[in-house]
Amino acid sequence: MTRQCLDEERLPESVLRVLAQGAAGAAVFVGQHWIAANYQPPVDALIKCMSEICCSIAQRLNNRLEA
């Protein structure tokens, strides 16, 4: 996922690895709370939110590199 969103030539592998681990951790956390909330909101909303989280991280990091 991170390689699709980020300019990998400008980022060290170690940064990409930590970013991917953070995104995976967010997905686990969100998923746990979704299960605890009796699978609410609908899974489509969950997927949209996780996509926003991952793409926002990537966009922010790319903007920072361009500055």
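Residue numbers start at 1 and run along the sequence shown.
Cluster membership check: I57 does not share its hydrophobic cluster with V18, using side-chain heavy-atom separations under 4.5 Å among Ile, Leu, Val, Met, Phe, Trp and Tyr.
In this view, F29 and H33 satisfy the side-chain contact (heavy atoms from CB on, under 4.5 Å) rule, not counting sequence neighbours. Applying the side-chain contact (heavy atoms from CB on, under 4.5 Å) criterion to V28, with sequence neighbours excluded, gives Q32.
Although no hydrogens or angles enter the test, the distance criterion places a donor-acceptor pair under 3.5 Å between the side chain of S56 and the main chain of E52. At distances below 3.5 Å, not a single donor-acceptor pair connects side-chain atoms of W34 with backbone N or O atoms of L46.
Within the 4.5 Å cutoff, side-chain heavy atoms of Q40 are placed close to those of P42.
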